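Structure record follows, encoded as structure tokens.
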Amino acid sequence: MTVSPPSGVAPGGFASVFNPALFAGKHVFVTGGSSGINLRIAEAFGEHGAKVSINGRKVDKLEAAVKGLREKKIQAEGYAADVRDFAAVDAALGAAHAKFGNIDVLVCGAAGNFPAPVAMMSSNGFKSVMDIDVLGSFNACRAAFERLTRPGVVIAISAPQAQVAYPMQAHVCAAKAGVDMLMKTLAMEWGSLGVRCVSIWPGPIDDTEGMQRLAGDPAVKKKVEALVPLLRFGTKDEVAQLALFLASPAAQYCTGSVYSVDGGMALVGGAMMSQAVQG
Ligand code: COA
């Protein structure tokens with residue numbers, strides 16, 4: 001039986017259900033915020049009144065992203081730093097704090113990925129992703145700690161690979177499991193200080209570097225879409241809306257948990273997904 005997506009499912013571009021002033025005066029810092037899901041998250045907070053600091057490794061990309069945010073009338077600043085370098089991250093958060101004040105929401109979004117089987121992966125390739133994801137998230141949280149508003153929120157952009165094993169993704173699976181456990185531990189250590197720490201698991205999201213690498217070919221994309229229980233890829237905006245909810249007072253009893261926005265993809269299993277990708 002062929003099931004069509006229900007009509008009325010808007011693949012993005014829907015009006016936000018949140019008050020446009022929800023984050024007025026708040027300061028949101030996003031690592032890896034120059035592009036993709038993280039940039040859309042930064043933009044969505046800005047559209048809801050926040051002052052936005054974004055971090056990225058490449059200065060040109062970062063400057064273009066800041067320019068784009070400002071063109072949308074968002075108060076935005078960019079801070080170049082490799083999240084693997086604690087001194088650089090600390091300096092970036094220090095400068096952002098000096099500019100916009102205490103950080104209300106920290107989004108740990110910087111992540112590495114490339115599809116490769118373990119037998120074709122060097123030790124340094126594995127380490128690069130572990131360092132960007134796990135150490136990078138630790139560095140951002142550690143540097144933000146003294147500069148976080150209480151109550152404050154930390155959101156890690158993790159992935160279903162944290163629990164669903166995917167061939168070609170050993171480094172990402174290990175790294176995202178580490179990121180989730182970092183958030184859970186911080187939720188326990190920082191809960192009494194009023195800081196909530198959560199993870200988001202985006203599934204296959206359209207128009208991202210990650211999905212371009214995994215399912216850039218339209219024929220592969222079609223096969224992956226057919227596996228998704230909701231029969232389509234998600235949008236960056238749908239991930240951003242979850243981030244807004246988790247940072248909002250509506251989620252004030254949420255901490256130490258993982259929230260999927262994946263159309264049900266994590267239920268399907270990594271082997272199915274990789275069969276679709278590898279043909
Ligand atoms: N297959 C196998 N190994 C790869 C690879 C690939 N496609 N891409 C990078 N590597 C290896 C490199 O060979 C190198 O190992 P070596 O020194 O043993 O040769 C190691 O990874 C580091 O690569 P390098 O380019 O020096 O470092 P980097 O710090 O820039 O990190 C990435 C490389 C790929 C991890 C990083 O640039 C990245 O993740 N980019 C994509 C970002 C992205 O897609 N984000 C979305 C996340 S879902």
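Only a predicted model underlies this, so the values are computations on that prediction, with no experimental measurement involved.
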Among K236, H48, K72, which one satisfies side-chain hydrogen bond (donor to acceptor under 3.5 Å, both in side chains) with E43?
K72
Side chains of D104 and T149: is there a donor and an acceptor less than 3.5 Å apart?
yes
Run V154 and L148 through side-chain contact (heavy atoms from CB on, under 4.5 Å) and show every step you take.
CA-CA 9 Å; V154 179; L148 273 173; 4.2 Å; yes
L246 reachable from V30 in the ILVMFWY side-chain graph, under 4.5 Å edges
yes
Looking at T255 and C197, would you say the former's side chain and the latter's main chain have a donor-acceptor pair under 3.5 Å?
yes
Presence of salt bridge, E71 and K67, under 4.0 angstrom
yes
Is a salt bridge present between D90 and R147, judged by a nitrogen-to-oxygen distance below 4.0 Å?
yes
Assess whether side-chain contact (heavy atoms from CB on, under 4.5 Å) is satisfied between V66 and R70, documenting all intermediate values.
CA-CA 6 Å; V66 170; R70 288 182 182 160; 3.5 Å; yes
D131 side chain to R84 main-chain N or O, any donor-acceptor pair under 3.5 Å?
no
What residue pairs, at least two apart or across chains, pass ring pair (Phe, Tyr, Trp, His ring centres under 6.0 Å) with a residue in residues 61-120?
H27-F100, F114-H171
Inspect the surroundings of CD in Q252 and state if more than 12 heavy atoms from other residues, nucleotides or ligands are less than 6.0 Å away.
no
Ring of F45, cation from K26 - is the NZ or CZ under 6.0 Å from the centre and inside 45° of the axis?
no
Between K58 and D60 (salt bridge meaning N to carboxylate O under 4.0 Å), is one present in this structure?
no
Can a salt bridge be assigned to the pair E47 and R40 using a cut-off of 4.0 Å between side-chain N and carboxylate O?
yes
If we ignore hydrogens and angles and just use 3.5 Å, is the side chain of N38 paired with the main-chain N or O of G32 as donor and acceptor?
yes
Residues D206, K221: salt bridge by 4.0 Å N-O rule
yes
